[in-house]
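We count ligands from 1, going down the list as the structure has it; atoms in each ligand are counted the same way.
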Amino acid sequence: MGEITLENLLAKICEYNLGSLDVVKKAYHYAETLHAGQFRQSGEPYIIHPLNVAYILADLHADMDTICAGLLHDTIEDTGITKEDIAHEFNPTVANLVDGVTKLANMNFSSKEAQSLANTRKIITGITEDVRIIIIKLADRLHNMRTLQYKSSFKQKENSLETMEIFAPLAYYIGAYRIKSELEDLAFQYLKPDLYRKIDDQKSKIEMDYTPTLKEIKERIKTFLSYESIASDIKIRTKNIYGIYKILNQGHRMSDIHDLFALKIMIDKLEDCYRALGLVHQLYHPVNEMFKDYICNPKTNMYQSLHTTVFAPHDRLVQVQIRTFDMDKIASFGLTAYWDSKPDCARDIMQQELKEKYQFYNSLIEMNAMFGNNQEFVSQVKRELFSEAVYVYTTKGDMIELPKGSTPIDFAYRIHTDVGNTMTAAFVNDELVPINYVLQNRDRVRIVTDVLSFGPRSEWLEYAKTSSARRRIREFSRKKLGEE
Ligand code: MN
């Protein structure tokens with residue numbers, strides 16, 4: 001996409017919103033006037049940036065308050081107007097959103113580092129107030145990353161690192177896969193340019209090689225689905241460069257990555273997903289141990305799909321993903337999909353869903369309450385939430401997400417404080433394990449409790465990885481001391 005203009009933005013909004021565009025025009029001219037005389041490093045007038053941010057948001061079918069906030073997002077920080085000015089000129093919601101993405105003023109801090117930590121915390125915890133703050137911030141970061149070539153190489157590396165550490169994980173947690181993938185690849189391109197190019201080249205070569213096979217399977221499945229009167233749309237999806245890098249980094253070869261390219265089958269009705277699965281398995285033999293039902297067991301960011309890997313022609317393995325169109329929207333856009341599916345109450349649904357279904361949200365709230373110090377808070381979030389996670393099952397089949405390195409102690413306290421406090425033993429996949437056993441993906445964990453147990457032992461503090469488990473262990477011993 002070349003230069004984006006106000007007309008482009010208005011046209012984009014018209015695709016999904018038939019209301020008056022006057023407020024958008026007003027926000028644009030308001031921001032343009034305030035930013036007059038300011039320029040980006042590229043030499044363009046500054047307004048180009050907020051305009052692009054608003055366009056990214058309109059592409060997600062954002063509501064009007066969010067679009068206006070996107071246009072105004074740098075005005076408090078860069079032009080000296082206040083939150084009250086925006087509330088007066090627009091409305092309190094827009095003012096609150098803009099304020100949420102505004103950096104804290106540097107005069108309140110002793111050092112640049114202290115300021116940056118406080119800002120990171122402000123961004124992350126903004127989600128508890130209004131998830132749209134994070135979404136605007138992600139759109140802001142996405143445009144800045146897309147135009148990073150104009151910055152110094154020091155800034156390029158610094159911003160890319162921050163994108164990898166903070167923004168890509170945030171996008172992942174709210175399920176916004178498209179944004180997450182693009183952010184990761186942009187950041188990776190600046191952090192490891194040689195590797196990026198190398199993987200990109202190799203991927204293109206394999207892609208050329210694979211495409212005829214993929215097209216052949218696609219056509220065949222499509223034909224058979226239509227015999228069964230199952231309406232479908234089939235697309236080829238490819239893994240992003242950074243996703244490939246992560247797998248190569250675990251010691252695998254590119255040719256071993258079975259989901260480098262996948263066929264994505266989208267279907268109207270849920271029950272037809274399983275019919276389609278049966279049909280795919282009749283046409284191509286499945287690799288038994290590579291089947292996953294994320295429809296009945298959604299990922300912790302609410303991703304839903306059936307994944308199966310089949311023996312395809314020409315000695316190839318191909319992954320087939322089957323899901324409904326609605327699930328596909330969530331798969332690409334996460335929480336932001338509600339702007340499209342429930343435009344009248346999207347904001348409330350987003351906030352509600354976060355609270356009830358997204359596990360990271362409650363961990364975040366807890367850490368925010370636990371750590372007064374910004375440095376401790378930020379490093380704990382990075383270590384516990386934004387580092388790679390491990391996914392295990394309860395005996396009921398619910399999926400629990402924990403930081404890598406977690407033990408049955410963390411699991412028990414995640415289920416309930418009482419479960420942790422009365423735990424006497426842990427079984428993983430029906431075998432008794434030591435209490436400091438490190439949980440692995442797909443472990444099925446059963447905790448044995450006894451109300452007469454002595455409670456957590458002091459060495460559990462060393463074995464527990466999560467701050468919430470450690471806090472509860474300490475609380476228990478403090479209470480016990482109090483009683484004695
Ligand atoms: Mn900005």
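- Between the side chains of Ser204 and Asp201, not a single donor N or O lies within less than 3.5 Å of an accepting N or O.
- At least one N, O or S atom of His73, from either the backbone or the side chain, sits less than 2.8 Å from the Mn ion (ligand 1).
- Asp200 has no carboxylate O lying under 4.0 Å from a charged side-chain N of Lys203, or vice versa, which leaves the two without a salt bridge.
- The Mn ion (ligand 1) lies closest to atom NE2 when only the N/O/S atoms of His49 are considered.
- Atom OD2 is the N/O/S atom of Asp74 found closest to the Mn ion (ligand 1).
- Distances from the Mn ion (ligand 1) show that Glu77 has no N/O/S atom below 2.8 Å.
- For Gln38, the CD atom counts as densely surrounded, since its 6.0 Å shell holds more than 12 non-hydrogen atoms of other residues, nucleotides or ligands.
- Residue-level check: among N/O/S atoms of Asp140, OD1 sits closest to the Mn ion (ligand 1).
- Salt-bridge check for Arg472 with Glu366: passed, with a basic side-chain N closer than 4.0 Å to an acidic carboxylate O.
- Side chain to side chain, Asp99 and Thr102 fail the donor-acceptor criterion of an N or O pair below 3.5 Å.
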